[in-house]
Each structure stands twice: as structure tokens, then as C-alpha cells.
> 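The structure's right below; bear with me while I get my questions together.
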Number of protein chains: 2
Amino acid sequence: MIDSLIKKIIKMQNPTCVGLDTDFSYLPEEMRGGVTTFSEAAKRIFEFNKNIIDNVCDIVPSVKVQIAYYEMYGYYGLKAFNQTVNYAHKKGLIVIADCKRNDIGSTASCYSKAYLGKTQIGDKKIKAFPADMLTVNGYLGSDGIKPFVEDIKNNNKSIFVLVKTSNPSSGELQNLKLENGKYIYEQMGELVEEWGKDTIGKYGYSEVGAVVGATHPEEAARLRAQMPNTFFLIPGYGAQGGSAEMLKVCFDKRGLGGVVNSSRGILCAYKKPEYSGKNYYEAARAACIDMQNDLLSAIGKMGRK
Amino acid sequence: MIDSLIKKIIKMQNPTCVGLDTDFSYLPEEMRGGVTTFSEAAKRIFEFNKNIIDNVCDIVPSVKVQIAYYEMYGYYGLKAFNQTVNYAHKKGLIVIADCKRNDIGSTASCYSKAYLGKTQIGDKKIKAFPADMLTVNGYLGSDGIKPFVEDIKNNNKSIFVLVKTSNPSSGELQNLKLENGKYIYEQMGELVEEWGKDTIGKYGYSEVGAVVGATHPEEAARLRAQMPNTFFLIPGYGAQGGSAEMLKVCFDKRGLGGVVNSSRGILCAYKKPEYSGKNYYEAARAACIDMQNDLLSAIGKMGRK
């Protein structure tokens with residue numbers, strides 16, 4: 001699946017991922033009116049997502065659906081999550097389920113079935129939340145990751161493992177130095193390269209990617225050098241303070257190597273003065289184009305020789 | 001909430017948590033017949049859980065509901081998860097949602113609302129999956145944990161942070177030594193003590209607990225000494241190879257300090273020769289009593305002076 005994503009990035013000249021972290025409060029007031037139940041809120045959230053997807057699917061290669069923003073509306077929220085995943089897929093987008101799942105092997109295999117594989121019931125196998133890619137947390141080590149890697153190989157999927165996260169306190173653990181001279185995030189990066197080594201595609205990147213925050217350019221540069229076969233999912237652009245200049249170190253000499261997420265910057269663009277006069281999905285589209293130009297000017301042409 | 005759990009443990013003389021990791025294949029054949037959809041599977045899973053709960057709620061203080069086993073059945077599975085959480089609560093059990101959630105602050109706050117707090121819609125605040133306690137992963141550091149700690153304080157809840165997990169490969173990252181001489185799991189333990197320090201209850205344990213696997217007695221003993229105010233959620237007993245003798249180091253001189261989870265050992269007890277002639281919920285009850293006796297003989301009386 002990583003090859004498909006890179007191919008789309010080159011074709012569209014856009015390494016953007018639109019983050020559908022759709023908090024109900026992000027919706028315009030007229031869409032929120034009269035809503036008093038999870039069921040109604042979930043319907044409006046999907047309607048909002050659908051309009052965003054319709055208006056960006058021809059210019060961005062991927063969306064990232066952050067499941068926490070759906071879980072907070074109970075199982076109705078999860079229904080909206082599923083509708084969003086399926087609709088984005090139908091519109092040709094590559095769908096990253098941002099769930100950061102993690103557990104021991106037997107349980108990780110359930111999560112993997114839920115997002116990357118199929119669940120067996122009697123003689124039937126059914127997809128639960130059919131994403132293309134999934135974020136996971138590697139704190140439990142190899143046997144918590146292997147079930148995902150199996151499904152990746154069998155079903156043409158990808159995962160992104162948390163390596164250096166975008167949040168301010170990410171260094172509390174991740175930037176501690178080990179006795180062997182490496183930082184914890186570098187050690188995690190090493191595990192990630194190892195987990196992906198049998199799945200390297202035609203652009204030289206494996207199906208086991210890494211989450212590397214745009215807000216930490218120094219660490220990102222070290223990781224890019226250390227992990228030549230690992231594709232990065234890069235959160236933290238925009239609302240969290242990461243800029244195109246800061247994150248360009250995540251990309252290789254061909255202008256490849258990462259996909260950059262923006263959530264609030266796109267979903268809530270309509271609230272900003274620079275997009276006044278536009279409704280929320282027109283503003284989202286305009287913000288995507290501005291983001292594309294910003295990234296292109298820092299990274300350069302994607303897929304250059 | 002940790003005081004309520006400890007109080008129940010002392011009253012029942014049982015530090016057991018029944019793990020409702022209810023894979024559909026755990027159900028007796030006659031309950032699985034004719035099921036071909038997630039909706040039907042989820043209904044049967046809840047029916048199974050309900051019968052387990054009815055037959056153990058007077059002898060065990062808590063259940064742990066492992067959400068991966070529900071997510072694999074899509075949002076129908078999440079409905080069964082919610083029904084299970086609510087039913088267990090109604091029957092007086094303390095409910096641990098085993099979700100190992102983790103993310104940056106703004107997103108962690110959505111997860112916290114989902115399991116420990118309430119979600120605001122207009123003027124209303126609604127509970128999504130109302131658990132008493134939640135497992136979380138601390139790889140992102142303080143700002144990914146603080147939203148949970150806020151809800152803990154406001155709503156009388158608890159969390160358990162992964163420190164030393166029960167799986168075979170947990171040492172790949174967790175047992176690496178830092179430059180400061182500590183192991184990563186010890187460093188995580190230190191963060192956990194810090195996160196919990198304002199929430200210490202009448203038994204000396206805080207609302208921010210730690211997940212410490214029964215399968216790693218050496219590490220568990222170090223953590224118990226290092227973390228005097230941290231209550232342990234102890235997985236790995238039974239099917240994963242942990243024994244009462246191995247995990248007794250998690251307990252203090254009063255016989256307090258932890259709750260021990262068993263999932264397959266109880267849910268699938270009816271498949272074992274020693275419980276033959278019993279149906280699944282009778283076997284589950286018998287297995288709980290055997291587990292209680294096993295733990296009591298190793299740990300001794302709970303709440304002793």
C-alpha cells in the first residue's frame with residue numbers, strides 16, 4: 001500500500017494527509033443545531049466529513065481518521081468512523097486509521113483484524129473497519145507488532161509505528177538516552193526498520209512506517225538518516241506549530257519519504273480570516289491548496305530524479 | 001475509585017479481575033450456531049458475558065473488558081462492549097476498560113471523555129463507554145496522560161499505565177538500560193508515581209496505577225519496591241504462564257497492592273477436563289474460586305495488619 005500512496009503523492013504533487021479529527025464543535029453552527037444525542041451528532045459528523053472528502057479527494061492523496069474523535073460519541077461515533085473510512089475509500093483516497101493500537105500478540109491480532117484484516121464468523125470472513133493503513137504503538141515490542149505485519153503482507157496494507165511524537169512532552173521518555181548511546185526514539189526507529197525489512201516496495205520504503213512529528217526537526221533529521229527504508233507519517237503541521245521548513249528534513253533527495261497531516265488547519269479553515277466568504281468545505285479545499293504550495297516550496301518536486 | 005476496588009478486594013478476600021476478552025470462538029458451539037453477521041455475533045457475545053457476570057459478580061470484585069475483542073466485530077461489537085460495561089456495573093462490579101489508549105493531549109482528552117468522562121453536545125453531557133478504570137500507554141509522556149488524570153479527579157475514576165507488560169517481547173524496549181542506570185520500565189514507573197501523587201487514597205495507593213505482568217517476577221519485585229503508592233493491574237496469570245507464586249511480589253505486607261487478571265482461564269474453563277460436566281458459566285465460577293484459593297495461598301489474607 002505504501003507504493004500506492006507514494007504513486008499518488010507523485011501524481012498529485014502533494015504529500016498531504018487531511019486529518020478527519022472531526023470534533024462536533026468543529027462543525028458550523030447551522031449543522032450543530034438541535035442535536036442532543038450521539039446518534040444525531042454522529043450523522044452530522046459524517047455529513048461534514050463527506051463534504052470535506054468530496055471537496056479534497058481530487059487534490060490530496062490521503063486522509064487520516066482519528067478514532068478518538070468518534071469513540072467519544074459511543075458506538076454511534078464508531079458507525080460514523082466506519083462510514084467515513086468507507087466513503088473516503090470509495091472516493092479513491094488512501095485511508096489511515098489513526099488508532100495507535102497496542103497490546104500483547106493475541107490481542108494485537110484482534111486489532112489487526114479490525115482495521116487491516118477480516119474477522120471470521122463461522123465460514124465467513126467480514127471486514128470491520130477497513131482502513132488501508134493503521135497507526136500503532138510499539139511499547140510492547142515485536143510480538144505486539146507481528147500480527148499487524150502479517151496482515152500487511154497478506155492484505156496489502158501498511159502501519160505507522162509511533163517513534164517521535166509531535167506533542168510537547170514527547171521527549172520525557174522518547175528523548176532519554178540509553179546506555180548504548182542511542183535515544184529511545186532512535187532505538188524504536190531501529191525496531192521499526194527491522195519490522196519492515198521484508199516489505200520494501202519499489203520506491204525503497206517499507207510497509208512499516210514511522211510517526212515522526214513535524215515539531216521536532218532535529219530528531220526528524222536524525223531519523224531520516226537512520227531509517228532509509230522507512231516512510232514517515234508527519235503530524236504536527238499547522239495548529240501544533242510545525243512548518244514546512246521544519247519538516248522538510250523528513251524527505252529524501254527525490255522529495256519523497258513522508259506524508260504530512262493537517263487536521264484543525266483544514267477542517268476549521270472556514271473560521272480563519274484568510275478564507276472568509278467561503279463555506280467550510282470550500283475553505284478546506286483552499287487550505288489544502290495553500291498547504292500543498294507551502295510544502296512544495298519547501299520540499300521541491302516530488303519524485304524528481 | 002482505587003479505594004472502592006481495594007475495599008471490595010478485602011471484603012471478598014479476592015484480588016481477581018475476570019477478563020472479558022470474549023472472542024466469538026470462546027462461546028460454546030451451541031451459542032455460535034447460525035451466526036453469520038457482526039450484529040448476531042455481538043448479541044451472542046453479550047449474552048455469554050451476561051451469564052459469566054451473573055455467575056461471578058458475588059465472588060470477584062472486578063472485570064476487565066478488552067476492547068480489541070469487540071472492535072473486531074465493528075460498531076456492533078462496540079455496542080456489545082458498552083452493554084457489557086453497563087451490565088457489569090449494574091451488577092456491582094468495578095469495570096476496567098482495557099483499551100491502552102494513547103495520543104497527544106487534545107486527542108487523549110477525547111479518549112478520556114469516551115471512557116472516564118462525558119461528551120458535551122449542545123447543553124447536554126453524555127457518557128459514551130462509562131468504565132470505572134481505563135488502561136493507557138504512556139509513550140507520549142505527561143501531556144498525553146494529564147487529560148485522563150483530570151477526569152480521574154473530577155469523576156472518581158482510575159487509570160493503569162503500561163509499565164512492564166506480560167508478553168514475551170516486552171523486554172525489547174522496556175528492559176533496555178538508560179544512561180541514568182535505570183531500565184526503561186523503571187523510568188516509566190517513576191513517571192507513573194509522579195502522575196498519581198495528588199490522588200493517593202486511604203490505603204496509600206493512587207488513582208494512577210501500573211500494568212505489571214505476572215510473567216516477570218524480577219521486574220515486578222523491583223517495581224513494587226520503587227512504587228509504594230502505585231496499585232498494579234497484573235495480567236499474565238494462567239494462560240500466559242504467570243503463577244500465584246510469581247506474582248505475589250506485587251503485593252505489600254498487608255496483602256494489598258494489585259488485582260490479578262485472568263481471561264481465557266476463566267472464560268474457557270468449561271473446555272478443561274477439571275471442570276467437565278459443568279456448563280460455561282458454572283465452570284467460570286468454579287475457575288474463579290480455584291483462582292481465589294490459589295492467590296490467597298500465595299499472597300495471604302488481604303488487608304491484614
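The basis for the numbers below is simple: all heavy atoms, side chains too, and nothing from hydrogens, waters or symmetry mates. Naming convention: chains lettered A, B, ... in sequence-line order (proteins, then strands); numbering from 1 in each chain.
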> Quick one: CD1 on B:Ile104 to OG1 on A:Thr165, what's the gap to the nearest 0.5 Å?
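Rounded to the nearest 0.5 Å, the CD1-OG1 separation comes to 8.5 Å.
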
> Below 4.5 Å from any heavy atom of chain B, which atoms of A:Thr37 appear? Answer side chain, backbone, both or neither.
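For A:Thr37, the contact with chain B is made by the backbone alone.
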
> In terms of heavy-atom proximity below 4.5 Å to chain A, should B:Leu173 be classed as side chain, backbone, both, or neither?
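Interface part for B:Leu173: side chain.
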
> Is there side-chain contact between B:Ile126 and A:Tyr73, with at least one heavy-atom pair below 4.5 Å?
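Contact flag for B:Ile126/A:Tyr73 side chains = no.
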
> Under 4.5 Å heavy-atom distance to chain A, tell me which part of B:Arg264 shows up: side chain, backbone, both or neither.
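For B:Arg264, the side chain is the part near chain A, not the backbone.
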
> For B:Gln120, I'd like to know if atom CD has over 12 heavy atoms of other residues, nucleotides or ligands within 6.0 Å.
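More than 12 heavy atoms, drawn from other residues, nucleotides or ligands, come within 6.0 Å of this atom.
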
> In the structure I gave you, are the side-chain heavy atoms of A:Arg101 and B:Arg101 within less than 4.5 Å of one another anywhere?
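The answer is yes; the side chains approach within 4.5 Å.
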
> What heavy-atom pair brings B:Val35 and A:Ile121 nearest, and what distance separates the two atoms?
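Minimum heavy-atom separation between B:Val35 and A:Ile121: O-CG2, 3.4 Å.
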
> Side-chain contact, heavy-atom cut-off 4.5 Å: A:Ser169 with B:Lys146?
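Not in contact.
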
> Give the member of A:Lys118, A:Glu40, A:Met72, A:Arg32 that has the highest number of heavy-atom pairs under 4.5 Å with chain B.
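Ranked by contacts with chain B, first place is A:Met72.
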
> Heavy-atom pairs under 4.5 Å with chain B: which of A:Gly181, A:Ser170, A:Pro168 has the most?
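Counting heavy-atom pairs under 4.5 Å, the top option is A:Pro168.
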
> Is the shortest side-chain heavy-atom distance between B:Tyr139 and A:Met188 below 4.5 Å?
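Counting from C-beta outward, B:Tyr139 and A:Met188 do come under 4.5 Å.
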
> Provide the closest heavy-atom pair for B:Cys110 versus A:Ala68 in the form atom of the first, atom of the second, distance.
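Taking B:Cys110 first and A:Ala68 second, the nearest heavy atoms are CB-O, 3.5 Å.
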
> Rounded to the nearest 0.5 Å, how far apart are NZ of B:Lys113 and CG of A:Asp23?
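If I round to the nearest 0.5 Å, the distance is 6.0 Å.
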
> What part of B:Glu71 lies closer than 4.5 angstrom to a heavy atom of chain A: side chain, backbone, both or neither?
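For B:Glu71, heavy atoms of backbone and side chain both lie under 4.5 Å from chain A.
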
> Is A:Asn137 in contact with chain B via its backbone, its side chain, both, or neither, using a 4.5 Å heavy-atom distance?
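Looking at A:Asn137, just its side chain touches chain B.
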
> With heavy-atom distances below 4.5 Å as the criterion, would you say the side chains of A:Asp103 and B:Gln66 are in contact?
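The answer is yes; the side chains approach within 4.5 Å.
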
> Is it the backbone or the side chain of B:Gln240 that comes under 4.5 Å from a heavy atom of chain A, or both, or neither?
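The side chain, not the backbone.
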
> Does B:Tyr69 offer a backbone N or O that forms a donor-acceptor pair with the side chain of A:Thr107 under 3.5 Å?
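The answer is no, because no donor-acceptor pair under 3.5 Å joins these two groups.
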
> What part of B:Ile145 gets closer than 4.5 Å to chain A, counting heavy atoms only: side chain, backbone, both or neither?
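For B:Ile145, no heavy atom lies under 4.5 Å from chain A.
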
> Return the option, out of A:Ser142, A:Gly144, A:Ala114, with the maximum number of heavy-atom pairs under 4.5 Å with chain B.
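With the most close heavy-atom pairs to chain B, the winner is A:Ser142.
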
> Looking only at heavy atoms, what is the nearest atom pair of B:Ala128 and A:Gly74, with distance?
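Nearest pair, atom of B:Ala128 first, then A:Gly74: CB-N, 3.6 Å.
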
> Heavy-atom distances under 4.5 Å only: say whether A:Phe129 touches chain B with side chain, backbone, both or neither.
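Contact with chain B involves the side chain of A:Phe129 alone.
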
> Measure B:Ser112 against the heavy atoms of chain A and call it side chain, backbone, both or neither at under 4.5 Å.
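Looking at B:Ser112, nothing touches chain A.
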
> Check whether A:Lys124 gets within reach of chain B through its side chain, its backbone, both or neither, counting any heavy atom under 4.5 Å.
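For A:Lys124, side-chain heavy atoms alone lie under 4.5 Å from chain B.
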
> Hey, does the side chain of B:Asn167 reach the backbone of A:Leu140 with a donor-acceptor pair shorter than 3.5 angstrom?
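Present.
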
> Mark yes when over 12 heavy atoms from residues, nucleotides or ligands other than A:Lys125 sit less than 6.0 Å from its NZ; otherwise mark no.
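Incorrect, the count does not exceed 12.
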
> Taking A:Ala41, A:Gly138, A:Ser106, A:Ser109 one by one, which has the highest count of heavy-atom pairs under 4.5 Å against chain B?
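Result: the option with the highest number of such pairs is A:Ser106.
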
> Under a 4.5 Å heavy-atom cut-off, does chain A meet the side chain of B:Phe24, its backbone, both or neither?
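The answer is the side chain of B:Phe24.
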
> Checking heavy atoms, do the side chain of A:Lys127, its backbone, both or neither come under 4.5 Å from chain B?
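Only the backbone of A:Lys127 comes within 4.5 Å of chain B.
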
> In terms of heavy-atom contacts, does CD of B:Glu29 have more than 12 from other residues, nucleotides or ligands at under 6.0 Å?
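Count not over threshold, so no.
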
> Using the side chain to side chain contact (heavy atoms under 4.5 Å, CB included) rule, pick out the option among B:Gln187, B:Glu179, B:Lys182 that qualifies with A:Leu176.
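Per the side chain to side chain contact (heavy atoms under 4.5 Å, CB included) rule, the option paired with A:Leu176 is B:Gln187, out of B:Gln187, B:Glu179, B:Lys182.
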
> I need the residue from B:Leu191, B:Leu162, B:Asp143 with the largest number of non-hydrogen atom pairs under 4.5 Å to chain A.
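Option with the top pair count is B:Asp143.
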
> Side chain, backbone, both or neither: which part of B:Val163 has a non-hydrogen atom closer than 4.5 Å to chain A?
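Just its backbone gets close to chain A.
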
> How about residues 77-88 of chain B versus chain A: which residues have heavy atoms under 4.5 Å apart?
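Within residues 77-88 of chain B, the residues that come under 4.5 Å of chain A (heavy atoms only) are B:Leu78, B:Lys79, B:Asn82.
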
